[in-house]
Asks: 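Below is a structure I'd like to ask you about.
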Amino acid sequence: MRELIENSLAVALEQVGQAPVANGADFSVEPPRDARHGEVSSNVALVRAKAAGMNPRDLAERVAAALAAHADVVDASVAGPGFINLRLRGEVWRARLRDILAAGTSYGDSDLGKGNKVNVEYVSANPTGPMHVGHGRGAVVGDALASLFAKVGYAVTREYYVNDAGVQVDVLARSLHHRYREAAGQEAGELPEDHYPGEYLVEAGAALLERDGARWLDRAEEDWLPPVRDFAVDAMMDLIRDDLAALGISHDVFSSERALAASGAVDDTLSDLESRGLLHVGILERPKGRTDEDWEPRPQTLFRSTAFGDDTDRAIRKSDGSWTYFATDMAYHRDKFRRGFPILIDVWGADHKGYVKRMQAAVAALSGGKADFDVLICNLVNLSEAGRPVKMSKRAGTFVTLREVVDRVGMDVVRFIMLTRGNEASLDFDLARAVEQSKDNPVFYVQYAHARACSALRNAAETFPGEDFSDPALAEAPLDRLDEEEELSLIRMLAGWPRTVEAAAEAAEPHRIAFALSDIAAAFHALWNRGNVDDDRRFVVAGDLALSRSRLALVRATALVIASGLEVMGVNPVEEMR
RNA sequence: GCGCCCGUAGCUCAGCCGGAUAGAGCAGCGGACUUCUAAUCCGCAGGUCGCAGGUUCGAAUCCUGCCGGGCGCGCCA
């Protein structure tokens with residue numbers, strides 16, 4: 001299509017004695033927003049007019065004339081300031097149905113990524129307890145993004161970074177040890193204020209007693225801390241993996257912060273930066289507008305992240321000499337790059353927004369500017385129940401875990417709803433509405449369209465016993481009976497699916513898939529309802545096998561595109577609603 | 001104070017690498033069912049795209065400055 005217009009432009013320019021000007025994808029070739037303007041629209045004349053030394057309308061007229069000569073073009077006209085609007089032969093569109101039936105749910109796959117390796121790191125929740133709903137959003141967005149990249153031809157690795165070092169896992173170990181002592185019948189006293197209070201640690205404490213008996217009961221902390229910590233981290237990661245499995249998510253790689261540090265990677269990273277003069281000792285100023293009373297100027301080892309676009313240099317050592325989280329995180333990203341991923345994507349929660357610039361600076365420094373590093377920030381999820389906000393407070397005990405939500409509304413609903421907003425917008429998740437079966441609920445709306453399509457095919461098999469309605473058979477069906485505007489309009493939407501997928505991948509916005517599916521579902525429901533008004537417009541018309549086959553090819557293609565999109569989202573297409 | 005994000009219909013939001021008369025759902029009003037071809041559909045009504053400038057043939061979209069909301073801001077992770 002684009003090629004056709006490029007060629008016609010060349011012809012038009014030749015007619016006026018001009019050499020072809022710019023060459024490239026600087027102009028658009030798309031269905032116009034308003035369908036009355038035609039089936040395909042291009043702004044090529046507006047974009048190229050200046051270079052051609054002509055006014056847009058004149059150039060457009062000449063290009064349109066060249067286009068009109070093409071066999072597939074029914075009509076080419078010029079509108080407005082110089083848009084070219086085209087109508088194509090119905091057969092050009094109908095042929096796409098055959099493509100879809102042949103490709104199945106792999107319709108929309110492409111080689112855009114050319115097999116390049118991409119690492120998508122997502123979830124990476126601290127191993128200190130079960131996942132909450134906010135983690136779930138990152139999990140779904142990351143997983144869908146990974147699937148989207150895979151669909152357009154990247155070699156994707158799904159990775160989880162396990163923060164199994166640092167003070168929070170020591171606190172976890174002490175919390176567990178407390179529960180372990182309780183399980184052993186010792187008088188452990190009140191759980192200290194800053195410890196993790198969760199019930200899950202009571203179970204883990206009992207499990208530790210079961211495995212190791214009394215051996216850590218009356219020892220010094222320095223003896224029991226490491227083994228208890230390892231046990232605790234393993235137990236928490238099992239918990240988290242279960243939560244993820246309930247969402248249908250599994251990672252290819254789990255990277256341990258502790259193992260990374262032990263390998264010497266942090267030392268290597270810092271000496272690398274040191275040798276390039278990117279470390280220095282300095283004193284950071286107190287951020288303005290802050291009134292920390294205990295703030296005092298202090299010399300620290302800093303990374304010159306300001307040399308790479310950050311607002312201030314960043315500390316890499318704590319005053320006790322150990323590394324900051326940022327230091328190990330730099331080493332981790334360097335490690336990912338050195339493992340052969342030229343493209344790195346992290347999916348983080350909103351609370352890490354202030355961390356993006358420094359990490360981008362770090363990756364730029366450590367990869368010599370060669371890594372393509374992007375961070376998706378997932379904003380907050382506001383849980384509500386029939387319009388009433390559900391307050392999330394660990395202390396008040398009204399904390400809702402991801403698992404509770406998944407168990408209540410189901411994995412497909414959670415996944416779909418998490419993708420009904422751009423990741424940077426905050427998201428309202430209403431537990432009651434999520435299971436409502438109406439068009440308020442986008443999950444059911446799309447699922448219902450797919451189920452209806454399957455229903456029509458089942459109906460066909462009953463109406464025409466012995467007839468073959470398989471995909472290859474439908475692809476052979478004569479499609480020329482699909483000549484109504486509503487049908488052709490749906491076909492055009494389906495034909496645009498590969499472009500929709502590519503655009504979503506290029507923008508790293510998996511939520512676009514959800515919106516596109518809602519649009520397709522709407523067009524399909526509208527088409528379906530015509531059959532309620534007029535029996536002759538049903539998909540299955542008992543007296544007309546040929547017509548039924550034509551329409552069922554469209555029905556099946558619609559189901560395949562919906563299934564293709566749901567696959568990216570990780571949602572199961574249903575064949576009946578029941 | 002600084003950084004990032006958000007501000008579009010009464011409500012919840014799409015659209016944002018500039019494009020034609022700014023879209024959808026909910027809520028409201030009016031219509032279409034012997035329920036797996038009504039969990040749906042059709043129609044009506046609803047807008048200073050936060051405000052003010054700028055760039056452009058053309059701005060919801062890009063730039064600048066304000067206003068309002070959110071998140072974050074030296075050793076936590």
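In what follows, every chain begins at residue 1, and chains take the letters A, B, ... in the order their sequences are listed.
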Asks: Answer whether the closest heavy-atom distance between the side chains of A/Q447 and A/L566 falls below 4.5 Å.
Replies: yes
Asks: Within the structure, does a side-chain N or O atom of A/R452 lie under 4.0 Å from either OP1 or OP2 of B/rC36?
Replies: no
Asks: Using the P atom on both, measure B/rA9 against B/rC2 and round to a whole Å.
Replies: 29 Å
Asks: Of A/L427 and A/L527, whose nearest nucleotide on RNA chain B comes first from the 5' end?
Replies: A/L427
Asks: Under the criterion side-chain hydrogen bond (donor to acceptor under 3.5 Å, both in side chains), I'd like the reasoning laid out for A/H135 against A/D243: C-alpha separation, chi angles, the key distance, then a yes or no.
Replies: CA-CA 10 Å; A/H135 292 133; A/D243 287 351; over 6 Å; no
Asks: A/R229 versus A/D170: any side-chain heavy-atom pair under 4.5 Å?
Replies: yes
Asks: With heavy atoms under 4.0 Å as the rule, sort A/V356 into base, sugar-phosphate or nothing.
Replies: nothing
Asks: Answer yes when A/R57 and A/E61 have at least one side-chain N-carboxylate O distance shorter than 4.0 Å, and no when they do not.
Replies: yes
Asks: Say you pick atom P in B/rC63 and the same atom in B/rC5; how far apart are they, in whole Å?
Replies: 10 Å
Asks: A/N43 CG to B/rG18 C1': how many Å, rounded?
Replies: 10 Å
Asks: Searching all strands shown, indicate the nucleotide that pairs with B/rC66 (Watson-Crick or G-U wobble; both distances under 3.5 Å).
Replies: B/rG50
Asks: Contact class for A/R298 (heavy atom, under 4.0 Å): base, sugar-phosphate, or nothing?
Replies: base
Asks: Would you say A/H352 reaches B/rC73's phosphate, i.e. side-chain N/O to OP1/OP2 under 4.0 Å?
Replies: no
Asks: I want to verify a distance call: between B/rC36, B/rA77, B/rG15, whose nearest atom is closest to the A/R458 side chain?
Replies: B/rC36
Asks: In whole Å, I'd like the distance from the CD atom of A/E424 to the P atom of B/rG7.
Replies: 11 Å
Asks: Are any of the side-chain nitrogens in A/R537 or A/E487 under 4.0 Å away from the carboxylate oxygens of its partner?
Replies: no
Asks: Identify which nucleotide among B/rC5, B/rA77, B/rC13 has an atom closest to any side-chain atom of A/D428, counting heavy atoms from C-beta outward.
Replies: B/rC13
Asks: Would you indicate whether the side-chain heavy atoms of A/R549 and A/F469 approach each other to under 4.5 Å?
Replies: yes
Asks: Using a 4.0 Å heavy-atom cut-off, does A/N459 contact any base of the nucleic acid, only the sugar-phosphate backbone, or nothing at all?
Replies: base
Asks: Roughly how many Å apart are B/rA52 and B/rU61, using the P atom of each and rounding to a whole number?
Replies: 13 Å
Asks: Touch check for A/G82, heavy atoms < 4.0 angstrom, all strands: base, sugar-phosphate only, or nothing?
Replies: nothing
Asks: Using both distances under 3.5 Å as the test, list the Watson-Crick or G-U wobble partner of B/rU37, or none.
Replies: none
Asks: State the pairing partner of B/rG18; accept Watson-Crick or G-U wobble contacts with both distances under 3.5 Å, and report none otherwise.
Replies: none
Asks: Under the criteria of a ring-centre distance below 5.5 Å and an interplanar angle below 30°, is A/Y355 stacked with the base of B/rG72?
Replies: no
Asks: Rounded to whole angstrom units, what separation is found between the CD1 atom of A/I417 and the P atom of B/rG25?
Replies: 18 Å
Asks: Contact class for A/N85 (heavy atom, under 4.0 Å): base, sugar-phosphate, or nothing?
Replies: base
Asks: Expressed as a whole number of Å, how far does the P atom of B/rC4 sit from that of B/rC76?
Replies: 23 Å
Asks: Quick one: are A/I513 and A/W497 in side-chain contact, heavy atoms under 4.5 Å?
Replies: yes
Asks: Just name whichever nucleotide pairs with B/rC2, Watson-Crick or G-U, keeping both distances under 3.5 Å, else none.
Replies: B/rG72
Asks: Salt-bridged, A/R512 to A/E502, with N to O below 4.0 Å?
Replies: no
Asks: If the P atom of B/rG54 is compared with that of B/rG72, how far apart are they to the nearest Å?
Replies: 38 Å
Asks: Quick one: A/D320 CG to B/rC75 P, roughly how many Å, whole number?
Replies: 13 Å
Asks: Reading RNA chain B from 5' onward, which residue's closest nucleotide shows up sooner: A/A456 or A/R512?
Replies: A/R512
Asks: Using purine N1 to pyrimidine N3 plus N6-O4 or O6-N4 for Watson-Crick, or N1-O2 and O6-N3 for G-U wobble, each under 3.5 Å, what pairs with B/rU56?
Replies: none
Asks: Assign the ring pair A/Y355 / A/Y325 to parallel, tilted or perpendicular, where the plane angle (0 to 90°) is split at 30° and 60°.
Replies: tilted
Asks: Using whole Å, what does the distance between atom P of nucleotide B/rG74 and atom CD1 of A/I283 come to?
Replies: 16 Å
Asks: When you measure only distances, ignoring hydrogens and angles, does the side chain of A/N529 come within 3.5 Å of the base of B/rU40 through a donor and an acceptor?
Replies: yes
Asks: Using the side-chain heavy atoms of A/V167, tell me which of these nucleotides is nearest: B/rC13, B/rA39, B/rA77.
Replies: B/rA77
Asks: Check the phosphate of B/rA77 against A/K318, side-chain N and O only, distance under 4.0 Å to OP1 or OP2. Yes or no?
Replies: yes
Asks: How close or far is atom C1' of B/rC75 from atom CE of A/M330, stated in whole angstroms?
Replies: 14 Å
Asks: To the side chain of A/A350, which of B/rU40, B/rC71, B/rG74 is closest?
Replies: B/rC71
Asks: Ignoring the backbone of A/R421, work out which of B/rC71, B/rC17, B/rA14 is nearest its side chain.
Replies: B/rA14
Asks: Check the phosphate of B/rC76 against A/Y325, side-chain N and O only, distance under 4.0 Å to OP1 or OP2. Yes or no?
Replies: no
Asks: Taking B/rU8 as the reference, what is the distance to B/rC62 when you measure between their P atoms (whole Å, please)?
Replies: 16 Å
Asks: Under the 3.5 Å rule, do the base of B/rA20 and the side chain of A/S41 count as making a donor-acceptor pair?
Replies: yes
Asks: What is the distance, to the nearest angstrom, from the CZ atom on A/R530 to the C1' atom on B/rU40?
Replies: 15 Å
Asks: Without decimals, in angstroms, what is the distance between A/K357 NZ and B/rC2 P?
Replies: 13 Å
Asks: Quote, to the nearest angstrom, the C1' distance that separates B/rC42 from B/rA24.
Replies: 16 Å
Asks: Taking only side-chain nitrogens and oxygens of A/Y445, does any of them come within less than 4.0 Å of OP1 or OP2 of B/rC41?
Replies: yes
Asks: What integer number of Å spans the C1' atoms of B/rC13 and B/rG47?
Replies: 15 Å
Asks: Looking at the side chain of A/E257, which of B/rA77, B/rC71, B/rG74 is the nearest nucleotide?
Replies: B/rA77
Asks: So which nucleotide from B/rC71, B/rU37, B/rA77 ends up closest to the side chain of A/S455?
Replies: B/rU37
Asks: Watson-Crick or G-U wobble partner for B/rG10, using a 3.5 Å limit on both distances?
Replies: B/rC26
